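Encoded as structure tokens, the structure appears first; notes follow it.
Note that the structure is a prediction, hence the values are computed from the model and not measured.
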Amino acid sequence: MLIAVEILNDRSYNGVAMKLKVIVHEAEEGGYWAEVPSIPGCATQGETFEELLQNLYEAVEGCLSVDVSPTQVMQGDRILEIAV
């Protein structure tokens, strides 16, 4: 099941909500779990659909609130791309 979630937070632009696509799965053991493809690693779960939605908003807010500093590349540094 694919749903769209609107997030309104400090990262919103001029009060416009951020819209994200979310994939919702039924969990084998009951309940639901969801992932946000546009935010790698952002996933959550809930026993009910309502709980899942509440947890989803919190998960997205948490994933977007991580402040990652850009990496400094200096002369002489090597940039590699590896497959794992």
Side-chain angles (χ1 to χ4, degrees):
M1 173 188 323
L2 184 65
I3 62 172
V5 175
E6 291 188 19
I7 304 293
L8 183 61
N9 63 15
D10 294 338
R11 294 180 184 264
S12 300
Y13 182 71
N14 289 334
V16 177
M18 176 185 301
K19 293 183 180 183
L20 300 168
K21 287 191 166 98
V22 177
I23 301 172
V24 177
H25 308 271
E26 288 189 32
E28 290 180 15
E29 62 278 357
Y32 302 90
W33 71 278
E35 56 188 320
V36 184
S38 61
I39 307 174
C42 187
T44 191
Q45 62 85 35
E47 294 299 317
T48 65
F49 192 78
E50 291 75 22
E51 182 183 11
L52 173 72
L53 285 178
Q54 181 179 354
N55 293 344
L56 191 54
Y57 284 101
E58 291 175 9
V60 170
E61 293 262 347
C63 289
L64 293 178
S65 68
V66 175
D67 189 18
V68 179
S69 301
T71 303
Q72 297 277 331
V73 179
M74 309 299 273
Q75 186 175 359
D77 290 347
R78 295 181 186 187
I79 300 173
L80 303 176
E81 184 174 312
I82 63 171
V84 294

Discussion item. Strictly by side chain to side chain donor-acceptor pair (under 3.5 Å), give each pair with a member in residues 34-49 just once, sequence neighbours left out.
Written reply: His25-Glu35

Worksheet item: Does Ile79 sit in a hydrophobic cluster with other residues, and if so which ones, taking ILVMFWY side chains as linked at heavy-atom separations under 4.5 Å, directly or through other members?
Response: Val73

Worksheet item: Are Leu56 and Phe49 linked, directly or through other ILVMFWY residues, by side chains that come within less than 4.5 angstrom of each other?
Response: yes

Worksheet item: Which atom pair, heavy atoms only, marks the closest approach of Pro37 to Lys21?
Response: CD-O, 3.4 Å

Worksheet item: Should Cys63 and Val36 be marked as a side-chain contact (heavy atoms from CB on, under 4.5 Å) after you check the CA-CA gap, both sets of side-chain angles, and the distance that decides it?
Response: CA-CA 10 Å; Cys63 289; Val36 184; over 6 Å; no

Fill in: Distance, nearest 0.5 Å, that separates OH of Tyr32 from CG of Asn55
14.0 Å

Worksheet entry | Shared hydrophobic cluster, Leu20 / Leu52 (ILVMFWY, side-chain heavy atoms < 4.5 Å) | yes

Worksheet item: Should Ile39 and Val24 be regarded as members of a common hydrophobic cluster, given that ILVMFWY residues are connected when their side-chain heavy atoms come within less than 4.5 Å of each other, either directly or indirectly?
Response: yes

Fill in: side chain to side chain donor-acceptor pair (under 3.5 Å) partners of Glu58, counting only residues at least two apart
none

